Engineer: 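Below is one structure. I have some questions about it.
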Amino acid sequence: MDLTESAADREFRLEAREWLMINKPAERLPSPDTERGFALNRDWERQLFEAGWAAVSWPEQYGGRGLGLWEWMIFEEEYYAAGLGPRAAQNGLFLLAPSLFEFGTEEQKARLLPRIAGVEDMWAQGWSEPEAGSDLAGVRVRAERDEEAGGWRVSGQKTWSTRAPFCNRLFALVRTDPAAARHRGLSYLLIDLHAPGVTVRPVRKLGGETGFGEVFLDDVLVPDSDVLGGVGQGWRVAMATTGSERGLILRSPGRFLAAAQDLVDLYGSVKNPSPALQRDVVQAWISAQAYLYSSMKTVTRVTAGGAIGAESSGNKIFWSELDVHIHETALDLLAEGAEVDYRWWHGFITSMATPIFAGTNEIQRNIVADRVLGMPRS
Ligand SMILES: Cc1cc2nc3c(=O)[nH]c(=O)nc-3n(C[C@H](O)[C@H](O)[C@H](O)COP(=O)(O)OP(=O)(O)OC[C@H]3O[C@@H](n4cnc5c(N)ncnc54)[C@H](O)[C@@H]3O)c2cc1C
């Protein structure tokens, strides 16, 4: 792994920095998990797309810039350093799109990817159900074949679907073959949330945002052209999606480098901080740097043709615990007289969910024990 930035990388970084400085919204945008915040973020993200910054690592034909994962990492670093937050389109860009590149037909890629980059389609993730969270292979939403209509009729309930009340599409794991063994009978369907038979009910989160949703599906028709990866292949596609979610793309190092730097700045506003707090701030900063280098290692492996694999679970534990640590430390600094900024409180509440979403950390520890360390199951 070569850690020195090439002249071309440096040039790219400076170009991105300058564009963001000139074009970023004058005011900090509200969270995309509120209706107003979602609309404002989407407008901004359309501007990003029009200037060619929405998906720098994608081929140009799909709305990207034709660059690689290194440039994606550099862009993310500059994006968060400019004070910008998570994108409203992130589920489409960072979760669905990698699976579309891997499993989509040419027709699906040509039809769906440019609409993701151009924020025309906004995607929610429909995996969890009231009876299936950690035990994802237990999903009960069922899809029955409708030969005449050339598709599948889907019925059942999904839950905890982030931003579903504001999105128009849902990538969902559903049961297409109730007779097959649990994870063999699943398919990955791309559902239109505005189709007849769909009801989305908002659920208010602890921080007051209404971006969470329950999705009720009543005999909803999904055409064959919206099955991703083939009928019965849902588990395989879903596991590839979790590799992106846990392993690299959903939480770029730029996000934590920026948060750790903000924490250092917050520390600077405390008159007489205790040595314990100083240690916590230093630890957060070092961990963010470590996360950067570990991500560089992953990018090196992936660009050389390697896969992300089960190590993504260790990665997910690391970034979620780092998120919690940064925000707990920030609250401690506020208690010691740091400059009050409501963002830290909101970030703290949000960070509390990170050990739960993308698969709980207990489950990730089971995966690391089993598949990375090869420990016996009992
Ligand atoms: C902020 C947030 C956003 C989310 N966004 C989405 C989304 O967009 N789309 C979506 O589909 N889902 C989403 N989820 C749901 C999330 O994926 C689930 O909450 C998570 O997988 C856990 O499932 P559960 O809530 O059913 O808990 P359960 O599976 O019931 O688990 C309850 C507890 O038991 C523990 N546990 C369960 N099984 C084991 C085991 N075998 N070994 C050890 N411990 C175990 C768990 O770790 C947990 O602590 C989101 C959740 C949150 C909090």
Side-chain angles (χ1 to χ4, degrees), residues 25 28-46 48-49 54 84-97 99-100 112 115-133 136 139-141 143 154-174 188-222 226 228 238 241 245 250-251 343 346-347 349-354 356-359:
R28 190 178 279 274
L29 293 176
S31 157
D33 286 4
T34 62
E35 193 168 2
R36 182 170 161 270
F38 187 83
L40 291 172
N41 277 278
R42 191 177 184 175
D43 288 345
W44 154 241
E45 290 167 37
R46 192 171 294 115
L48 267 187
F49 167 68
L84 294 156
R87 296 203 229 165
Q90 67 177 3
N91 278 353
L93 285 169
F94 301 146
L95 298 185
L96 177 61
S99 299
L100 269 172
L112 299 169
R115 294 180 61 84
I116 294 176
V119 294
E120 286 173 77
D121 284 335
M122 301 298 272
W123 289 86
Q125 181 181 23
W127 290 13
S128 303
E129 298 179 8
E131 302 297 328
L136 188 60
V139 299
R140 293 180 185 183
V141 166
V154 187
S155 296
Q157 184 192 345
K158 293 289 178 184
T159 192
W160 312 132
S161 191
T162 299
R163 291 181 286 283
F166 318 134
C167 289
N168 64 320
R169 302 226 52 187
L170 182 81
F171 51 94
L173 202 55
V174 309
Y188 205 95
L189 301 191
L190 308 175
I191 300 175
D192 179 358
L193 284 175
H194 296 156
V198 179
T199 307
V200 181
R201 239 175 22 206
V203 175
R204 194 174 286 275
K205 291 208 278 191
L206 188 60
E209 300 159 317
T210 50
F212 244 171
E214 290 179 300
V215 181
F216 298 88
L217 303 150
D218 183 9
D219 211 27
V220 177
L221 179 66
V222 177
D226 279 343
L228 180 60
T241 306
E245 187 173 25
L250 188 66
R251 287 289 183 277
R343 271 188 306 130
H346 183 263
I349 292 177
T350 308
S351 76
M352 292 286 97
T354 56
I356 302 171
F357 67 70

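One is the number of the first residue; the rest follow in order along the sequence. The structure presented is a predicted model; accordingly, all values stated were derived computationally and were not measured.
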Engineer: Got more than 12 heavy atoms from elsewhere within 6.0 Å of CD, Glu35?
Structural biologist: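 Not more than 12 within 6.0 Å, no.
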Engineer: Compile the donor-acceptor pairs under 3.5 Å between side chains in residues 161-168 and protein atoms, sequence neighbours left out, one pair per line.
Structural biologist:
{"unit_1": "Ser161", "atom_1": "OG", "unit_2": "Gln125", "atom_2": "O", "d": "2.8"}
{"unit_1": "Arg163", "atom_1": "NH1", "unit_2": "Asp33", "atom_2": "OD1", "d": "2.6"}
{"unit_1": "Asn168", "atom_1": "OD1", "unit_2": "Met122", "atom_2": "N", "d": "2.7"}
{"unit_1": "Asn168", "atom_1": "ND2", "unit_2": "Asp121", "atom_2": "OD1", "d": "2.9"}

Engineer: Quick one: pull up CZ in Arg87 and CG in Leu29 and give me the separation to the nearest 0.5 Å.
Structural biologist: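 Between atom CZ of Arg87 and atom CG of Leu29 there are 12.5 Å.
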Engineer: Verify side chain to side chain contact (heavy atoms under 4.5 Å, CB included) between Leu96 and Arg169, making sure each step is shown before the conclusion.
Structural biologist: CA-CA 11 Å; Leu96 177 61; Arg169 302 226 52 187; over 6 Å; no
Engineer: Do Leu170 and Val200 touch side chain to side chain, with heavy atoms closer than 4.5 Å?
Structural biologist: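 Not touching, per the 4.5 Å side-chain cut-off.
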Engineer: Under a 4.5 Å cut-off applied to non-hydrogen side-chain atoms, are Tyr188 and Leu173 in contact?
Structural biologist: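 In short, these two side chains touch, coming nearer than 4.5 Å.
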Engineer: Can you give me the closest heavy-atom contact between Met352 and Ile356, atom names plus distance?
Structural biologist: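 Heavy atoms only, the tightest pair is O-CD1, 4.3 Å.
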Engineer: Closest heavy-atom contact between Pro86 and Pro32?
Structural biologist: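 Smallest interatomic distance, heavy atoms only, reads O-CG, 3.7 Å.
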Engineer: With rounding to the nearest 0.5 angstrom, report the CG to OG distance, Leu40 to Ser31.
Structural biologist: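 These two atoms lie 11.0 Å from each other.
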Engineer: So, do Asp218 and Thr199 sit near enough that their side-chain heavy atoms are less than 4.5 Å apart?
Structural biologist: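 Answer no - side chains too far apart.
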Engineer: How close do Ala88 and Asn41 get, heavy atom to heavy atom, and via which atoms?
Structural biologist: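 Smallest interatomic distance, heavy atoms only, reads CB-CB, 3.9 Å.
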Engineer: Quick check: do Arg204 and Thr210 have side-chain heavy atoms less than 4.5 Å from each other?
Structural biologist: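 Sidechains of Thr210 and Arg204: in contact.
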Engineer: Glu214 and side chain to side chain contact (heavy atoms under 4.5 Å, CB included): which partner among Glu129, Arg201, Lys158?
Structural biologist: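 By the side chain to side chain contact (heavy atoms under 4.5 Å, CB included) criterion, Glu214 pairs with just one of Glu129, Arg201, Lys158: Arg201.
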Engineer: Measure the spacing between OG of Ser99 and CZ of Phe171 and express it to the nearest 0.5 Å.
Structural biologist: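 Between Ser99 OG and Phe171 CZ, I get 7.5 Å after rounding to 0.5 Å.
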Engineer: Which heavy atom of Ala143 sits nearest to which heavy atom of Val174, and what is that distance?
Structural biologist: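 Shortest heavy-atom separation between Ala143 and Val174 comes out as CB-CG2, 3.9 Å.
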Engineer: Between Ile349 and Gly207, what is the shortest heavy-atom contact and its length?
Structural biologist: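 Of all heavy-atom pairs spanning Ile349 and Gly207, the closest is CG2-N, 4.0 Å.
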Engineer: For the atom pair CG (Asp192) and CG (Leu221), what is the distance rounded to the nearest 0.5 Å?
Structural biologist: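 Going from the CG atom of Asp192 to the CG atom of Leu221 covers 10.0 Å.
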Engineer: When rounded to the nearest 0.5 angstrom, what is the spacing between CZ in Arg115 and CH2 in Trp123?
Structural biologist: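 That separation rounds to 9.5 Å.
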Engineer: Given Trp160, which of Phe212, Phe357, Trp127 fulfils the ring pair (Phe, Tyr, Trp, His ring centres under 6.0 Å) condition?
Structural biologist: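 Result for ring pair (Phe, Tyr, Trp, His ring centres under 6.0 Å) with Trp160: Phe212.
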Engineer: What closest approach, in Å, do Ala89 and Val119 show between heavy atoms, and which atom pair accounts for it?
Structural biologist: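 Closest heavy-atom pair between Ala89 and Val119: CB-CG1, 3.9 Å.
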Engineer: Tell me, with the steps shown, if Glu209 and His346 meet side chain to side chain contact (heavy atoms under 4.5 Å, CB included).
Structural biologist: CA-CA 10 Å; Glu209 300 159 317; His346 183 263; 3.0 Å; yes
Engineer: Apply the test side chain to side chain contact (heavy atoms under 4.5 Å, CB included) to residues Leu93 and Ile116: give CA-CA distance (whole Å), side-chain angles for both, the deciding distance (0.1 Å), then the verdict.
Structural biologist: CA-CA 6 Å; Leu93 285 169; Ile116 294 176; 4.0 Å; yes
Engineer: Within this structure, what is the CG-CD1 distance for the pair Leu217 and Ile191, rounded to the nearest 0.5 Å?
Structural biologist: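 These two atoms lie 5.0 Å from each other.
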